[in-house]
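As structure tokens, the structure follows; a few thoughts come after it.
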Amino acid sequence: MQEISEAIKAAVKDLFNVDVEPVLTRPDEQFGDFATNVALQLAKKLNKNPRVIAQQLADKIQSDTIAKTEVAGPGFINICLSDNYLIEQALDQKIAQPLKDQEILVEFGDPNPFKEMHIGHLYSSIVGDAISSLFEANGAEVRRVCYQGDVGLHVAKWLWGVHQELGWDDAAVAKLRDLPHTGIGYYYSLGAKAYEENTEAKTEIDVINTKVYSKEDPQLNKIYELGKRLSFDKFQDIFDLLGIAYKKQYLESQSVEIGLKYVKENTGKVFTHSQGAVIYEGEKVGLHTRVFVTSKGLPTYETKDLGLTELKNTDYPNAARSIIITANEQSEYFKVMLAALSEIDKPLADKTTHLAHGFLSLSSGKMSSRTGDVYGATNLLNLVQNEVKQQYPDTNPENETYLAAIKYAFLKHRLGSDVTVDIKESVSLQGNSGPYLQYAHARACSILAKSPLQGQSKLQGQTLQEGERGLVRKIGEYPEVIEKAAAELMPHHVCMYLYELAQTFNRFYENNKVIGDSRQAGRLQMVKAYADTLKNGLTLLNIPAPEKM
RNA sequence: GUACCCGUAGCUCAGCUGGAUAGAGCGUCGGCUUGCGGAGCCGAAGGUCGUAGGUUCGAAUCCUAUCGGGUACACCA
């Protein structure tokens with residue numbers, strides 16, 4: 001691909017003495033392997049007929065990777081690559097390493113202790129992990145981190161709820177310990193409800209909140225520590241299940257102090273006093289005002305997050321970028337936080353990016369929700385697992401098809417817009433699903449198992465037949481896709497590609513015999529390259545590619 | 001009210017640094033057993049790309065307005 005652009009660039013320079021960065025696209029197969037519209041872009045500048053320019057360029061472009069060039073339509077140049085080049089690209093895939101040696105922090109997931117982990121956290125986790133892997137595939141050193149709110153009003157609400165139902169004595173501690181992990185969120189909802197509806201409770205919760213920060217009540221601390229541990233154990237189980245390993249866990253209790261310090265140091269400059277609180281007036285940069293320190297003197301999420309950016313910066317001073325992935329409901333919030341940060345530490349703000357994903361909802365109307373917790377992460381995992389058992393009763397209980405289903409269902413959508421996931425469809429083994437791709441891989445592996453590859457490449461130097469060529473070409477696109485997905489922070493490109501790849505293979509396989517054919521050796525090599533590519537892509541998405549299903 | 005995100009086939013979504021007949025899957029209808037996993041393949045029907053303007057040789061893609069949906073907007077996270 002690089003060679004091709006260079007060749008075009010050189011030809012343009014040579015003919016017209018103009019510097020361009022030619023954009024190569026992948027056109028319909030009927031048109032060729034690459035297409036460029038440089039001639040159309042040059043037409044105006046040079047005041048010439050685009051087709052004439054295109055023809056001149058087409059004749060001029062020189063590269064031993066190109067078999068032929070053609071001018072088409074209003075002035076496209078279609079480029080047809082040589083079979084040898086295609087084979088080379090498919091067999092020896094090299095991802096350019098545009099992020100080589102860059103250290104990148106990626107924060108994602110961030111479920112809050114004392115609350116239930118919900119499907120939004122699951123989504124953020126899976127997406128964040130995939131983006132991290134994409135960075136790694138492009139050469140970066142990624143640090144996956146998460147950040148969790150172990151102090152704050154939600155904690156006080158939880159403690160209040162526990163106090164109501166169980167009390168805070170040692171008997172309560174014992175009961176709490178025996179509670180199923182999923183039950184944690186129950187006490188939070190008690191407190192959250194009371195906080196809204198009951199002014200007395202609100203006052204009590206506010207008092208508890210100050211105690212959480214001050215740690216002055218030993219019995220409260222005991223309950224608090226237990227709740228925190230139960231939450232983290234539960235989260236760990238889920239992350240283990242998903243195969244996500246964080247490099248570092250940050251807690252709000254750690255970011256409080258440094259955040260407050262920054263706010264204090266910059267009050268009067270960046271922050272101002274208003275009605276007893278310390279605020280950042282976002283209006284001055286076209287945003288909205290947010291409170292950083294409450295009139296009670298307690299830090300808000302804003303201050304803690306500010307502290308976190310500095311905390312990360314201390315731990316990873318050489319990081320080139322820092323990405324924070326959350327749902328898009330926090331987009332405006334992050335703009336304000338980052339605006340405040342950029343007044344304090346511009347370089348740090350500049351390398352920090354907030355990446356927002358949309359809301360995730362489930363379409364299956366009649367989901368059983370005995371717990372009333374339809375949107376709980378654990379509940380969703382169970383639902384999907386049950387769906388797999390139902391659709392495919394013979395499935396090996398050891399296999400993790402349901403995880404593949406759920407990850408792929410989340411990842412296949414472009415990041416940013418809201419997503420509706422249909423559990424039945426995500427699990428379905430037909431169509432664009434994780435299990436379909438796993439099956440496609442297993443199928444290819446079974447061909448290879450029957451007739452293993454032997455010796456050196458039989459493909460090089462061969463002239464490809466029509467069906468073969470399409471497959472080989474598609475396999476060779478893999479590196480481009482990985483680079484694009486990483487550059488755009490869009491893992492769905494990988495999903496789209498893998499699905500198209502599988503379709504291309506199935507078409508090839510339908511019409512071309514592999515084992516027993518006179519072209520067996522070369523075709524087996526294609527099957528191998530295909531299976532490897534599929535596996536690499538799935539692995540990048542943290543989806544296993546089993547050889548048998 | 002202000003800001004941000006989104007509106008593409010019955011449903012779920014690609015396509016958006018402007019370019020060649022707007023693509024998939026599901027669903028619907030119709031085909032394919034001698035050949036390696038049919039969890040597949042082939043075909044058909046189905047679209048005023050929310051609407052109206054504008055920029056352009058060219059707009060689903062950029063700009064403006066408008067309608068519709070979502071989210072956020074001072075002491076929660």
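Residue numbers begin at 1 in each chain, while the letters A, B, ... track the order of the sequences. Hydrogens, waters and symmetry mates play no part in the numbers below; they use all other heavy atoms, side chains included.
- When the P atom is used for both B:C29 and B:C73, the distance is 48 Å, rounded to whole Å.
- A distance below 6.0 Å separates the ring centres of A:Y123 and A:F410.
- When Watson-Crick and G-U wobble pairs are counted only if both distances are under 3.5 Å, B:U71 pairs with B:A3.
- Within the 4.0 angstrom heavy-atom criterion, only backbone atoms of the sugar-phosphate kind lie near A:T420; the bases stay farther away.
- Taking every side-chain heavy atom of A:Y509 into account, B:G37 is the closest of B:G37, B:A14, B:A72.
- Between A:D33 and A:R469, at least one side-chain N (NZ, or NE/NH1/NH2) sits under 4.0 Å from a carboxylate O, which counts as a salt bridge.
- Among the protein residues, A:K304 comes within range of the sugar-phosphate backbone only, with heavy atoms under 4.0 Å from sugar or phosphate atoms but none that close to a base.
- In this structure, CG of A:D422 is placed 21 Å from P of B:A24, rounded to the nearest angstrom.
- Separating the OH atom of A:Y497 from the P atom of B:G23 is a distance of 21 Å, rounded to the nearest angstrom.
- Using P as the reference atom, B:G50 and B:C6 are 13 Å apart when rounded to the nearest Å.
- Judged by distance alone with a 3.5 Å cut-off, no donor-acceptor contact links the side chain of A:Y499 to the base of B:G25.
- Side-chain nitrogen and oxygen atoms of A:Q503 include at least one within less than 4.0 Å of the OP1 or OP2 phosphate oxygen of B:G25.
- If you check every strand for non-hydrogen atoms under 4.0 Å, A:A356 touches nothing.
- The side chain of A:S417 approaches B:A14 more closely than any other nucleotide in the set B:C36, B:G37, B:A14.
- The residue A:S446 sits close to a base: some heavy atom pair falls under 4.0 Å.
- In this entry the distance linking OH of A:Y147 with C1' of B:A77 reads 10 Å, nearest Å.
- Rounded to whole Å, the C1' atom of B:U28 lies 28 Å from the corresponding atom of B:G37.
- Nucleotide B:A59 forms a pair with no other nucleotide shown, judged by Watson-Crick or G-U wobble geometry with both contacts under 3.5 Å.
- Pairing of B:C29, defined by two Watson-Crick or G-U wobble distances under 3.5 Å, is identified with B:G43.
- Contacts of A:D517 with the nucleic acid, taken as non-hydrogen atoms under 4.0 Å apart, are absent.
- The side chain of A:F31 lies closest to B:A20 when the candidates are B:G15, B:G37, B:A20.
- Spacing between B:G27 and B:U12 at atom P, rounded to whole Å, works out to 15 Å.
- Contact annotation for A:I279: base contact, defined as any heavy-atom pair under 4.0 Å involving a base atom.
- The base of B:A74 sits with one of its N or O atoms less than 3.5 Å from a complementary donor or acceptor on the side chain of A:S274.
- A distance of about 29 Å separates the P atoms of B:U17 and B:G68, rounded to the whole Å.
- Taking the six-membered ring where tryptophan is involved, the planes of A:W158 and A:Y187 are perpendicular, since the angle between them exceeds 60° and thus also 30°.
- Out of B:A20, B:A77, B:G37, the shortest distance to the side chain of A:E252 is found at B:A77.
- Residue A:D150 is classed as having no contact, given no heavy-atom separation below 4.0 Å to the nucleic acid.
- Taking the C1' atoms as reference points, B:A3 lies 47 Å from B:A39, given to the whole Å.
- With rounding to whole Å, A:K474 atom NZ is found 12 Å from B:A24 atom P.
- Nucleotides of RNA chain B nearest to A:V23 and A:R507 differ in position, and the one nearer the 5' end is that of A:V23.
- Under 3.5 Å, the side chains of A:S255 and A:Y147 contain a donor-acceptor pair of N or O atoms.
- A salt bridge is defined here as a Lys NZ or Arg NE, NH1 or NH2 lying under 4.0 Å from an Asp or Glu carboxylate O, and A:E480 with A:K484 fails to meet this definition.
- Nucleotides B:C11 and B:U51 have their P atoms positioned 15 Å apart, rounded to a whole Å.
- Relative orientation of the A:F334 and A:H354 rings is parallel, given thresholds of 30° and 60° on the angle between their planes.
- Ionic pairing of A:K474 and A:E477 is present here: one or more N-O contacts between side-chain nitrogen and carboxylate oxygen are shorter than 4.0 angstrom.
- What separates NE2 of A:H288 from P of B:U71 is a distance of 16 Å, to the nearest Å.
- Using a 4.0 Å heavy-atom criterion, one finds that A:D206 contacts no nucleic acid atom at all.
- Nucleic acid contact class of A:K484 (heavy atoms, under 4.0 Å, all strands): none.
- For B:A39, the base has no donor-acceptor partner in the side chain of A:N506 [N/O atoms by modelled type, under 3.5 angstrom].
- A:K513 comes within 4.0 angstrom of a nucleotide base, judged by non-hydrogen atoms across all strands.
- Residues A:T25 and A:L415 both approach RNA chain B. Their nearest nucleotides, taken by heavy-atom distance, put A:L415 toward the 5′ side.
- Taking 3.5 Å as the limit, the base of B:U21 and the side chain of A:Q30 contain a donor-acceptor pair of atoms between them.
- As judged by a 4.0 angstrom heavy-atom cut-off over every strand, A:K335 is placed among residues touching the sugar-phosphate backbone only.
- Each of B:C76, B:A74, B:G37 was ranked by its minimum atom distance to the side chain of A:T289; first place goes to B:A74.
- Nucleotides B:G7 and B:C49 are separated by 10 Å at their C1' atoms, to the nearest Å.
- A straight line from CD of A:E329 to C1' of B:C76 spans 12 Å, rounded to a whole angstrom.
- Taking atom CE of A:M496 as the reference point, atom P of B:A14 lies 6 Å away to the nearest angstrom.
- Between A:F505 and A:Y509, the ring planes lie parallel to each other; the angle is under 30°, not in the 30° to 60° tilted range.
- Side-chain to base pairing of A:Q430 with B:C26: no donor and acceptor N or O lie closer than 3.5 Å to each other.
- Here the side chains of A:D418 and A:S361 are not in contact, with every heavy-atom distance at 4.5 Å or above.
- Taking atom NE2 of A:H357 as the reference point, atom P of B:G70 lies 18 Å away to the nearest angstrom.
- Note on A:A327: nothing from the nucleic acid sits closer than 4.0 angstrom, heavy atoms only.
- Between the side chain of A:D418 and the base of B:G70, no donor-acceptor pair under 3.5 Å is found.
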